[in-house]
Chemist: 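Questions regarding the structure given below will be posed in turn.
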Amino acid sequence: MTSPIGALFLREWRIARRVGGSGAMGVVFFLTLVTIVPFAVGPDPNLLARIGPAILWIAALLASLLAFDRLFQADAEDGSLDLLHLGETPLELAVLVKCAAHWAATGLPLIIAAPFLGLMLQQETMALAGVVATLLVGTPALTLIGAIGAAATVTVRRGGLLMALLVLPLTIPVLIFGVSACEAATGGTVPFFSPFAILCAITLVALALCPFAAAAALRHLGE
């Protein structure tokens, strides 16, 4: 028999895969952003190799933003959010499970696609490994931070822009240390594990705090 947590994860993952294919939509947006950058900055291989990790990280961040507004809004529309409030499972745990399913459906495809898109940006093997490692550690933090914005704007009609304005400033540390670790992987001025360890710490802090902040926002808006 599937536990309530497992059933909630499977439900959220199937919905994320079914409703417009948010994972596929994020990958297509990711591909589009990475593809148009060489047209803007020029086809210089050295320049693309230098700024490639930053391009991939910014594209991953913007692609992640696409689906955040649906994290709780669909539940608010069909009444599922009220059931989560009344259920035996703590709302904080339900938020965490929803974030995990959202990351599996939208963040994981971006990580899988990143090495292939990195080849378009003249990235070497070590740079690609650094990008994959940092995205694997950093994208969960993006999802958890996005959950706060999604919860705060769940009752705002067409609140996608407001949600982006709330979330983007909070993601700056993740972006800084993600790109720094990628540059360090290709021989930067600092060891790779220094910015990577800070990125891991940011994700752990987000894991500890964001579900409580998002659940508090949902409770406040539900009163």
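Positions are given from 1 along the sequence.
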Chemist: Taking ring-ring contact (aromatic ring centres under 6.0 Å, His included) as the definition, give me every residue that meets it alongside Phe196, ordered by chain and number, with sequence neighbours left out.
Modeler: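 For Phe196 the ring-ring contact (aromatic ring centres under 6.0 Å, His included) partners, ignoring immediate neighbours, are Phe192.
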Chemist: Give a yes or no on whether Phe212 atom CZ has more than 12 heavy-atom contacts from other residues, nucleotides or ligands under 6.0 Å away.
Modeler: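 No, not enclosed.
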Chemist: List for me each residue that meets side-chain contact (heavy atoms from CB on, under 4.5 Å) alongside Ala201, sequence neighbours excluded, and say none if there are none.
Modeler: none
Chemist: Using a 4.5 Å cut-off between side-chain heavy atoms of Ile, Leu, Val, Met, Phe, Trp and Tyr, which other residues end up in the same hydrophobic cluster as Val205?
Modeler: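 Noted: Val205 shares its cluster with Leu209.
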Chemist: Excluding sequence neighbours, so at least two apart, what forms side-chain contact (heavy atoms from CB on, under 4.5 Å) with Ile202?
Modeler: Pro173, Val174, Phe177, Ile198
Chemist: Enumerate the residue pairs fulfilling side chain to side chain donor-acceptor pair (under 3.5 Å) with a member in residues 110-131, sequence neighbours excluded, ordered by first and then second residue.
Modeler: none
Chemist: Taking side chain to side chain donor-acceptor pair (under 3.5 Å) as the cut-off, I'd like each qualifying pair that reaches into residues 47-60, sequence neighbours left out, listed once.
Modeler: Trp57-Thr134
Chemist: Among pairs that include at least one residue of residues 60-84, which meet ring-ring contact (aromatic ring centres under 6.0 Å, His included), considering only residues two or more places apart or in two chains?
Modeler: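 ring-ring contact (aromatic ring centres under 6.0 Å, His included) check on residues 60-84 returns Phe68-His102.
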Chemist: Just to verify, what does Leu162 make a side-chain contact (heavy atoms from CB on, under 4.5 Å) with, not counting sequence neighbours?
Modeler: Thr153, Val156, Leu166
Chemist: Which residue pairs pass the side chain to side chain donor-acceptor pair (under 3.5 Å) test with at least one member in residues 135-151, sequence neighbours excluded?
Modeler: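 Of all non-adjacent pairs touching residues 135-151, those that pass side chain to side chain donor-acceptor pair (under 3.5 Å) are Trp103-Thr139.
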Chemist: Do any pairs count as a salt bridge (Lys or Arg N to Asp or Glu O under 4.0 Å) and have a residue in residues 96-114, sequence neighbours left out, and if so which ones?
Modeler: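 Listed by first then second residue: Glu12-Lys98, Asp75-Lys98.
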Chemist: Give every residue pair that meets the side chain to side chain donor-acceptor pair (under 3.5 Å) criterion with at least one member in residues 194-203, sequence neighbours excluded.
Modeler: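 Listed once each, the pairs would be none.
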Chemist: Output all residues satisfying side-chain contact (heavy atoms from CB on, under 4.5 Å) with Pro115, sequence neighbours left out; order by chain, then residue number.
Modeler: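 Pro115 satisfies side-chain contact (heavy atoms from CB on, under 4.5 Å) with Val132 only.
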